Amino acid sequence: MRRLSLAIVVVTAIAASYGLGRYNLHLQAGSTRGRHVLYYVDPMHPSYIYDKPGIAPDYGMPLVPVFAEDLGSAPSSSPLAGLPAGAVAIEAATQRLMGIQVAPVEKGSATRSVRVVGRVVPEDTRVYRINSGLDGFIRETYNDSVGMLIKKNQKLATYYSPDALSVASGFLAASERVPGAVGNDGNRTMPFPGTLSKQGVSSMQGYTDRLRNLGMSDVQIKRMAVSRQLPEYIDVVAPADGFVISRNISPGQHFDHEMEFYRLADLGRVWVVAEIYEQDAPYLRPGGMAQITVRDEARHLSARISNSLPQSEAGGGTVKLRLEVDNPKFILRPEMVVDVELPIRVPPAVTVPLDALIDSGARSRVYVEHGEGIFEPREVKTGWRFGERVEILRGVLPGERVVVEATFLVDSESRLKTPASGPAPARTTDRPAGVPAHLTVATQ
């Protein structure tokens, strides 16, 4: 009797399951009337699709139909009707809980300050190189250490060279044949008396040029013309006011005609070389102003962008910009590091706050508000980024409102409502018409 009772219970359960399955299939068939079924999916594995109704082979559950009306767009009564995939509707209470805020898309010009580091270098037109055009040896040097402030015509060193003294002898001989050539200042004191005198003047001028070429200063040439005595040594004097930035000689040192004795720099005006990004360079124009700040001293100096073209750095990405700075008190010294502030003004453009942008690297998007609580994802093309704003070249219009707070939360909600884009393991290559490519077709 017990076995008979157990058999009756099993048969009854099987019959009930069969009847329930038939009833569900009947309900599905009834619900599909008047609607176009694209395919059927396994409710436990939606990525697997079937071309006809039935029972899923894994868990024995009825397959669920997918209608063209559901896949193509939202019902006409839905607030998301007509919006692209990924649009989301978030209630006001949920928005407050998530901290969602929106801000309008604006169009206007922007001004910001670019802060970079600059390096002080001497202006190349104010750098003087002192050398000799012959061989000799250094006799003595005078207050010529690197960093010393030197006045024009100040004697820095003396040297001996037989070649220079022989040219000086010719100069004295030529000056004797020119009447009136020996004034207190070394200049002529009377007109040319005749052809012979003119030839003498021409010869004396030639000797003068040769002495200058050999390194003798105008001061020593005039002094020799007045005293009419041959000097024992040649003086090395400063051609202008400036600082000694390079010194290559010492007493008793032999030198050749290519050796540089000193390098002086007039630091009354200097350059500051600043390295900026290439994307900022088009907005900086020659004559534009900048501000230089001396570190640890809190001193500010005005600077002007020079007319020279910015120099591109090897490897790309940055360019060197040259600024001209008046330096009357010699606050700035060569190789000093300073802070540079460059104001940049860009033309009017459509911009949004930087927090509104979802940037995945390959693509950028924002979420545009459509009515109360409706947000649409929209891909955009970005331009410059200044401070807390970013330029939008394409994708939004001025006046539209975009999400600027809790943007990533809205993006997560949108992704949950969007079908996954990753491929699933394929069971067959057949796919019914209208089936998205990211879904896999399975056969029963």
Side-chain angles (χ1 to χ4, degrees), residues 112-132 141 143-154 156-157 215 236-250 255 258-344:
R112 76 176 182 102
S113 295
V114 175
R115 293 178 175 84
V116 294
V117 175
R119 182 172 57 89
V120 179
V121 297
E123 186 176 323
D124 57 6
T125 59
R126 293 170 175 260
V127 175
Y128 305 92
R129 292 172 172 83
I130 303 175
N131 54 20
S132 176
T141 61
N143 299 323
D144 59 348
S145 300
V146 174
M148 295 288 294
L149 177 60
I150 305 299
K151 297 297 183 180
K152 183 177 180 179
N153 294 325
Q154 179 177 331
L156 303 175
V236 179
V237 300
D241 295 348
F243 289 85
V244 179
I245 60 176
S246 177
R247 175 180 181 270
N248 302 310
I249 61 174
S250 58
F255 61 86
E258 296 181 350
M259 183 176 180
E260 180 180 276
F261 292 169
Y262 299 97
R263 188 177 302 177
L264 306 181
D266 180 4
L267 301 182
R269 187 171 64 193
V270 296
W271 288 339
V272 173
V273 178
E275 196 167 333
I276 63 174
Y277 289 109
E278 286 183 343
Q279 64 184 23
D280 295 334
Y283 304 109
L284 298 171
R285 297 287 186 267
M289 301 305 295
Q291 187 178 61
I292 306 299
T293 303
V294 181
R295 295 184 173 182
D296 301 329
E297 296 187 20
R299 294 189 179 183
H300 303 286
L301 299 173
S302 297
R304 174 183 172 274
I305 300 176
S306 69
N307 295 325
S308 63
L309 292 175
Q311 301 176 357
S312 297
E313 280 293 281
T318 61
V319 296
K320 286 187 175 180
L321 189 69
R322 197 165 66 191
L323 307 172
E324 299 174 352
V325 188
D326 290 330
N327 189 34
K329 296 183 179 180
F330 308 120
I331 297 174
L332 303 178
R333 300 293 182 93
E335 303 303 322
M336 181 182 289
V337 177
V338 297
D339 295 323
V340 181
E341 184 174 343
L342 297 161
I344 294 181

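Values below: every heavy atom of this structure, side chains too, minus hydrogens, waters and symmetry copies. Keep in mind it's a predicted model, so treat the numbers as computed, not measured.
- Of the inter-residue distances, the one linking Leu264 atom CG with Lys152 atom NZ reads 12.5 Å to the nearest 0.5 angstrom.
- With sequence neighbours excluded, the residues satisfying side-chain contact (heavy atoms from CB on, under 4.5 Å) with Ala274 are Val116, Val340.
- Partners of Asn153 according to the side-chain hydrogen bond (donor to acceptor under 3.5 Å, both in side chains) rule, which considers only residues two or more places apart in sequence or in another chain, do not exist here.
- Judged as a side-chain hydrogen bond (donor to acceptor under 3.5 Å, both in side chains), and not counting sequence neighbours, the contacts of Thr125 are Glu123.
- Every residue two or more places apart in sequence or in another chain that forms a salt bridge (charged side-chain N to carboxylate O under 4.0 Å, His left out) with Glu341 is listed here: Arg115.
- Between Met148 atom CE and Gln154 atom CD the span is 7.5 Å, to the nearest 0.5 Å.
- For Asp266 (side chain) and Arg126 (main-chain N/O), no donor-acceptor pair under 3.5 Å exists by modelled atom type.
- No more than 12 heavy atoms of other residues, nucleotides or ligands lie within 6.0 Å of CG in Asn143, so this atom counts as exposed by the packing criterion.
- Remark: Ala281 engages Ile276, Val319 in a side-chain contact (heavy atoms from CB on, under 4.5 Å) (not counting sequence neighbours).
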Quiz prompt | Residue pair Asp144, Tyr262: steps toward the side chain to side chain contact (heavy atoms under 4.5 Å, CB included) verdict | solution = CA-CA 9 Å; Asp144 59 348; Tyr262 299 97; 2.4 Å; yes
Acceptor/donor pairs from residues 285-293 side chains to any protein atom, 3.5 angstrom cut, sequence neighbours excluded:
{"residue": "Arg285", "atom": "NH1", "partner": "Pro282", "partner atom": "O", "Å": "2.0"}
{"residue": "Arg285", "atom": "NH2", "partner": "Pro282", "partner atom": "O", "Å": "3.2"}
{"residue": "Thr293", "atom": "OG1", "partner": "His300", "partner atom": "ND1", "Å": "3.0"}

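- By the side-chain hydrogen bond (donor to acceptor under 3.5 Å, both in side chains) test, Asn327 pairs with no residue at all, sequence neighbours left out.
- Taking the salt bridge (charged side-chain N to carboxylate O under 4.0 Å, His left out) definition, one finds that Asp241 meets it with nothing, sequence neighbours left out.
- Using a 4.5 Å cut-off on side-chain heavy atoms (C-beta onward), Leu323 and Leu342 make contact.
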Exercise. Kindly determine whether Val117 and Arg295 satisfy side chain to side chain contact (heavy atoms under 4.5 Å, CB included), including the steps that lead there.
Key: CA-CA 10 Å; Val117 175; Arg295 295 184 173 182; 3.3 Å; yes
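- Here the straight-line distance linking atom CD of Glu324 with atom CD1 of Ile305 works out to 10.5 Å at 0.5 Å rounding.
- Residues meeting the salt bridge (charged side-chain N to carboxylate O under 4.0 Å, His left out) test with Arg333, sequence neighbours left out: none.
- With sequence neighbours excluded, the residues that form a salt bridge (charged side-chain N to carboxylate O under 4.0 Å, His left out) with Glu335 are Arg119.
- Residues satisfying the side-chain hydrogen bond (donor to acceptor under 3.5 Å, both in side chains) criterion with Asp280, sequence neighbours excluded, are Arg112.
- Here the CE-OG distance, from Met259 to Ser132, works out to 10.5 Å after rounding to the nearest 0.5 Å.
- Among residues two or more places apart in sequence or in another chain, the side-chain contact (heavy atoms from CB on, under 4.5 Å) test is passed with Val294 by Glu297, Arg299, Ile331, Leu332, Met336.
- Within a 6.0 Å radius of OH in Tyr277, other residues, nucleotides and ligands contribute 12 heavy atoms or fewer.
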